[in-house]
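Quick note: residue numbers are just sequence positions, from 1. Order of appearance sets the numbers: ligands from 1, and atoms from 1 within every ligand.
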Amino acid sequence: MNIVFLGAPGAGKGTQAQRLMNDKGIPQISTGDMFRRAIREQTPTGMKAKEYMDRGDLVPDEVVIAMVKERLAEADCQNGYILDGFPRTVKQAEELDKIAQIDVALNIAVPDEVIISRLGGRRVCAKCGGTYHISMLKDNACPACGGELYQRDDDKPETVKNRLNVYAEKTAPLIDYYAGKGVLVTADCTGTVDENYKAVLTALKMD
Ligand code: AMP
């Protein structure tokens, strides 16, 4: 099953996609994670992406599309995948349609005020990439692997505002795009991580 996760930054796409991957064995393809790794490894793609990410802007379509095409051709993607953070523009969605059939697009629906609180409190593990909210943490160590937790540069307040504007302008139209194709489902993800995961499974008819 080829699944697209839609939702504003901080809606919980990454958390729910990781959970679904661990539970059902479907690989999670996170373009944000791929860019962060590329930046750490100082690859040409990473160098191109960094300035856009630092501002909270989208990386140009052609850079993202080339990276995703390469990734989806790999062996582990041949029986389905969860796209987390891609597509983010109508152009990306149209290019994706040329190389893949999307079975379902899941809209992770969360009101703006919840998003802002989640992004401000989000911490990421430098070692395993797990994401947590500070309200769930005892200290600065990853509960899963003990790695050091950090705040993403683009989760700082000035960048968050721009990311939410970019989402509204460029990415939210994808809700209508996938609704028009008859593959859109919605999960209300305002609850706890466990409650939200149940809503995700119900929406995907996987429970
Ligand atoms: P994320 O981890 O999904 O929030 O992505 C972090 C940042 O990576 C975004 O704010 C963008 O700058 C960039 N990025 C990730 N995915 C895409 C995409 N599909 N298109 C353009 N930029 C992206």
Side-chain angles (χ1 to χ4, degrees), residues 2-21 27-41 43-72 81-100 102 105-108 110 112 114-116 118-126 128-133 149-175 177-178 189:
N2 299 335
I3 307 170
V4 163
F5 271 27
L6 295 173
K13 294 187 298 294
T15 303
Q16 297 299 333
Q18 275 171 19
R19 192 130 178 198
L20 192 62
M21 171 174 73
Q28 169 210 16
I29 315 296
S30 159
T31 42
D33 285 351
M34 290 167 82
F35 283 132
R36 281 183 287 279
R37 194 175 320 120
I39 290 171
R40 277 201 301 279
E41 293 170 359
T43 68
T45 300
M47 316 284 228
K48 272 186 230 153
K50 188 171 182 332
E51 57 169 312
Y52 297 95
M53 291 177 73
D54 284 348
R55 289 196 302 261
D57 287 336
L58 295 182
V59 176
D61 284 337
E62 57 278 14
V63 177
V64 193
I65 290 162
M67 181 176 78
V68 170
K69 278 189 177 165
E70 214 173 280
R71 180 67 186 87
L72 295 186
Y81 42 78
I82 307 159
L83 283 168
D84 160 15
F86 181 94
R88 260 177 156 105
T89 63
V90 170
K91 170 82 182 156
Q92 291 178 16
E94 288 168 351
E95 289 299 314
L96 179 62
D97 281 341
K98 291 182 190 166
I99 58 159
I102 297 306
L106 173 73
N107 182 29
I108 305 218
V110 179
D112 273 2
V114 178
I115 296 269
I116 288 164
R118 282 192 190 164
L119 287 175
R122 177 158 71 178
R123 297 294 179 271
V124 184
C125 174
C128 73
T131 56
Y132 305 94
H133 192 267
L149 300 174
Y150 69 97
Q151 181 174 40
R152 283 170 42 174
D153 283 342
D154 61 352
D155 278 348
K156 300 196 169 139
E158 51 290 2
T159 317
V160 163
K161 213 167 148 218
N162 187 36
R163 287 168 68 206
L164 291 175
N165 288 339
V166 168
Y167 171 77
E169 190 192 327
K170 305 249 172 77
T171 309
L174 291 178
I175 295 172
Y177 180 90
Y178 284 111
C189 285

Between Lys48 (side chain) and Thr43 (backbone), is there a donor-acceptor pair under 3.5 Å?
no

Quick check against the 3.5 Å criterion: does Thr171 have a side-chain atom that pairs as donor or acceptor with the backbone of Arg88?
yes

Heavy atoms from other residues, nucleotides or ligands near NZ of Lys161 exceed 12 (cutoff 6.0 Å):
no

Please answer whether the main-chain N or O of Gly7 pairs with a side-chain N or O of Lys13 as donor and acceptor at a distance below 3.5 Å.
yes

Is it the side chain (CB and beyond), the backbone, both or neither of Arg152 that lies under 4.0 Å from ligand 1, heavy atoms counted?
side chain

Report the member of Met34, Arg88, Gln92 with the shortest heavy-atom distance to atom 9 (C) of ligand 1.
Arg88

At a 4.0 Å cut-off, with the gap strictly under it, does some heavy atom of Arg36 reach an atom of ligand 1?
yes

Does Glu70 have more than 12 heavy atoms from other residues, nucleotides or ligands lying within 6.0 Å of its CD?
no

Region of Asp61 engaging ligand 1 - heavy atom pairs below 4.0 Å
neither

Looking at Phe35, Tyr167, Phe86, Phe5, the heavy atom closest to atom 23 (C) of ligand 1 belongs to Phe35

Quick one: look at Val59 and ligand 1, take heavy-atom pairs under 4.0 Å, and tell me if it's side chain, backbone, both or neither.
both

Would you call Asp155 and Arg163 a salt bridge, taking side-chain N to carboxylate O under 4.0 Å as the test?
yes

For ligand 1, is any non-hydrogen atom under 4.0 Å from Arg163's backbone (N, CA, C, O), its side chain (CB onward), both, or neither?
side chain

Should Glu51 and Arg55 count as an ion pair when the cut-off is N to O under 4.0 Å?
yes

Does Thr89 reach the main-chain N or O of Lys170 with its side chain, forming a donor-acceptor pair under 3.5 Å?
no

Should one rank Arg122, Met53, Lys50 by closest heavy-atom distance to atom 7 (C) of ligand 1, which comes out on top?
Met53

Atoms in ligand 1 with a heavy atom of Asp154 nearer than 4.0 Å
6 (C)

If you scan protein heavy atoms around atom 11 (C) of ligand 1, the nearest is Asp57 O, 3.5 Å

Students should be able to answer this: which protein heavy-atom is nearest to atom 16 (N) of ligand 1, and at what distance?
Thr31 OG1, 2.8 Å

